[in-house]
Amino acid sequence: MPGSSFELAVRQPFSFARCLEYMARSPLESLYEVRGSSVIRLVRAAQEPEQGYGPVRSYLVEITCPDDEALYVRFLQDEPGSGQELEGVKRYIREWFDLDRDMKHWHQLSSGDPVMGKLAAEFYGLRIIGIPDLYEALCWAIAGQQVNLPFAYKLKARLAETYGESVSWEGCDYRRFPDPSALAEADIAELQSLQFTRAKSAAIIETAALMTRGELSRAGLLALGDFAAAEKALVGIRGIGPWTANYVRMRCLRDPGAFPIGDVGLQNAVRAQLGMDRKPTTAELKDLFAPWSGWEAYATFYLWHSLY
DNA sequence: ATCCAGGACTCAA
DNA sequence: TTGAGTCATGGA
């Protein structure tokens with residue numbers, strides 16, 4: 001029965017408009033659709049399918065937030081048949097928008113800062129838009145290694161179209177990123193034909209196999225105790241380097257101190273913000289970020305957003 | 001053709 | 001641990 005809905009309270013400050021502004025940055029996004037002041041997405045009713053609780057359904061939801069006080073979530077087609085599934089959807093959306101983050105310290109740090117103050121004010125209420133699904137986060141990061149963003153979006157869309165489930169609603173298709181089980185036994189040539197390099201293809205298949213075997217999971221990484229340990233585990237996988245690992249820490253594991261320092265987008269944003277005639281060096285980035293210790297991920301995200 | 005893009009790997013010091 | 005050189009691919 002479509003039309004059922006629920007609300008999710010948000011911590012202040014929160015700006016849904018700022019979040020949508022970030023999410024709408026590319027017309028090539030394939031996993032959700034921003035329509036004016038709402039977003040529509042096919043959401044899996046549980047994380048970690050590799051943990052072995054059988055097939056889990058997905059539900060098409062529309063999210064609005066008229067007053068920035070709470071997210072208003074409506075099921076557009078089916079609705080969850082159990083409280084457990086409903087909780088899965090809720091958990092996903094809380095992670096997606098980082099709803100449980102206490103932003104107080106960030107705003108204390110950034111408000112009077114010579115570099116970040118301006119961005120923090122301009123993007124007031126923007127949260128790091130997360131990628132709650134570990135496999136999606138890994139594949140998105142791997143796809144984005146050393147290629148321009150539009151091409152990365154195309155690669156992701158090809159994975160979703162080729163291997164992911166989809167539903168149709170009001171003439172539009174909505175896709176969900178494939179589960180690792182869909183790619184665990186794929187052939188490298190198969191992905192190369194989608195224009196992934198050999199190395200990226202191998203990494204995507206290898207991580208899928210690890211996850212399908214239960215040897216890699218979001219819960220497992222978080223259970224390692226600290227994010228450095230999670231990063232070490234990720235970097236141990238061929239094709240995953242420090243940038244990808246920190247990207248996943250930032251957008252999937254929800255570590256506010258993650259710092260993808262080698263990121264060229266970050267470097268270009270810093271260059272523009274500081275009016276430099278070249279990209280900053282690693283040492284310069286470390287110095288610049290020193291005042292934002294513990295919130296490097298948020299500083300990075302706000303700098304990314306400044307590029308658009 | 002040449003350079004850039006939200007890097008990773010290898011190998012040397 | 002850090003730095004240069006190499007690889008890889010599409011787009012401008």
Side-chain angles (χ1 to χ4, degrees), chain A residues 21-31 119 123 126 128-131 134 136-159 161 177 188-207 210 216 228-229 231-274 276-289 296-308:
Chain A
E21 186 178 274
Y22 174 84
M23 295 170 72
R25 66 182 180 157
S26 174
L28 297 172
E29 174 60 59
S30 55
L31 299 179
L119 294 181
F123 304 146
L126 170 68
I128 292 178
I129 304 304
I131 306 174
L134 175 63
E136 180 190 330
L138 279 167
C139 289
W140 171 234
I142 290 167
Q145 290 168 359
Q146 192 64 15
V147 300
N148 58 56
L149 226 30
F151 183 57
Y153 276 107
K154 287 183 189 173
L155 289 175
K156 181 173 78 162
R158 286 176 192 150
L159 278 183
E161 285 164 13
F177 195 79
I188 288 182
E190 219 171 304
L191 294 187
Q192 285 185 288
S193 73
L194 301 183
Q195 292 180 283
F196 286 87
T197 63
R198 168 174 293 280
K200 288 184 180 185
S201 302
I204 284 170
I205 294 168
E206 172 63 10
T207 53
L210 287 170
L216 172 66
E231 177 175 343
K232 190 175 175 186
L234 287 170
V235 169
I237 301 168
R238 190 169 188 81
I240 298 180
W243 176 83
T244 299
N246 274 277
Y247 190 93
V248 169
R249 281 175 64 168
M250 171 179 175
R251 298 196 68 187
C252 181
L253 303 184
R254 281 300 185 192
D255 169 20
F259 190 13
I261 191 167
D263 186 277
V264 69
L266 169 63
Q267 294 167 5
N268 285 330
V270 167
R271 170 179 175 170
Q273 287 301 311
L274 300 187
M276 302 169 72
D277 60 358
R278 55 169 176 77
K279 286 187 282 195
T281 65
T282 300
E284 288 170 330
L285 281 173
K286 283 180 179 169
D287 288 343
L288 177 68
F289 271 64
E296 290 89 345
Y298 261 89
T300 297
F301 199 74
Y302 275 49
L303 282 162
W304 279 347
H305 195 37
S306 74
L307 287 172
Y308 292 89

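Note on naming: letters A, B, ... go to the chains in the order of the sequence lines (proteins, then strands), and numbering restarts at 1 for each one.
- With sequence neighbours excluded, the residues satisfying side-chain contact (heavy atoms from CB on, under 4.5 Å) with A/Ala24 are A/Val34.
- Across all strands shown, A/Lys200 has no heavy atoms under 4.0 Å from either base or sugar-phosphate atoms.
- Side chain of A/Tyr308 to main chain of A/Tyr22: no donor-acceptor pair is present (N/O by atom type, distance under 3.5 Å, no hydrogens or angles).
- Checked by atom type, the side-chain pair A/Ser30/A/Glu161 shows no donor-acceptor distance below 3.5 Å.
- Interface residues of residues 298-308 of chain A facing DNA chain C, ordered by number: none; criterion, heavy-atom separation under 4.0 Å.
- Residues A/Leu191 and A/Ile204 are in side-chain contact: their nearest non-hydrogen atoms beyond the backbone lie under 4.5 Å apart.
- Nearest-nucleotide assignment on DNA chain C puts the 5′-proximal partner with A/Lys286, out of A/Lys286 and A/Lys154.
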Short N/O separations, protein against nucleotides 8-13 of chain B, under 3.5 angstrom:
from   : atom 1 : to       : atom 2 : distance (Å)
B/dA8  : OP1    : A/Gly241 : N      : 3.0
B/dA8  : OP1    : A/Gly241 : O      : 3.4
B/dA8  : OP1    : A/Thr244 : N      : 3.1
B/dA8  : OP1    : A/Thr244 : OG1    : 2.7
B/dA8  : OP2    : A/Trp243 : N      : 3.2
B/dC9  : OP1    : A/Gly239 : N      : 2.6
B/dC9  : O3'    : A/Arg238 : NH2    : 3.2
B/dT10 : OP1    : A/Arg238 : NH1    : 3.0
B/dT10 : OP1    : A/Arg238 : NH2    : 3.0

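- Between A/Ile188 and A/Phe196, every side-chain heavy-atom pair lies at or beyond the 4.5 Å cut-off.
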How does DNA chain B look in dot-bracket notation if pairs are Watson-Crick or G-U with both distances under 3.5 Å, crossing ones as [ ], other-strand ones as |?
.||||.|||||||

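- At distances below 3.5 Å, at least one donor-acceptor pair connects side-chain atoms of A/Glu284 with backbone N or O atoms of A/Thr281.
- Atom CZ in A/Arg251 sits 13.5 Å away from atom CG in A/Leu134 (nearest 0.5 Å).
- Distance alone, capped at 3.5 Å, is enough to place a donor-acceptor pair between the A/Lys200 side chain and the A/Gln145 backbone.
- For A/Trp140 and A/Tyr153, the distance between ring centers is under 6.0 angstrom.
- Here the CG-CD1 distance, from A/Leu155 to A/Ile142, works out to 11.5 Å after rounding to the nearest 0.5 Å.
- A heavy atom closer than 4.0 Å to some atom of DNA chain B occurs in A/Gly262, A/Asp263, A/Val264, A/Gly265, A/Asn268, these being the qualifying members of residues 258-271 of chain A.
- More than 12 heavy atoms of other residues, nucleotides or ligands shown are found within 6.0 angstrom of CZ on A/Arg271.
- Heavy-atom contacts of chain A under 4.0 Å fall on DNA chain C between two terminal nucleotides, which in 5' to 3' order are C/dA8 to C/dG11.
- Between atom CE of residue A/Met250 and atom CG of residue A/Asp255 there is a gap of 10.0 Å, rounded to the nearest 0.5 Å.
- Within the 4.5 Å cutoff, side-chain heavy atoms of A/Cys139 are placed close to those of A/Leu159.
- With values rounded to the nearest 0.5 angstrom, A/Leu303 atom CG is found 9.5 Å from A/Leu285 atom CG.
- Side chain of A/Arg249 to main chain of A/Ala258: no donor-acceptor pair is present (N/O by atom type, distance under 3.5 Å, no hydrogens or angles).
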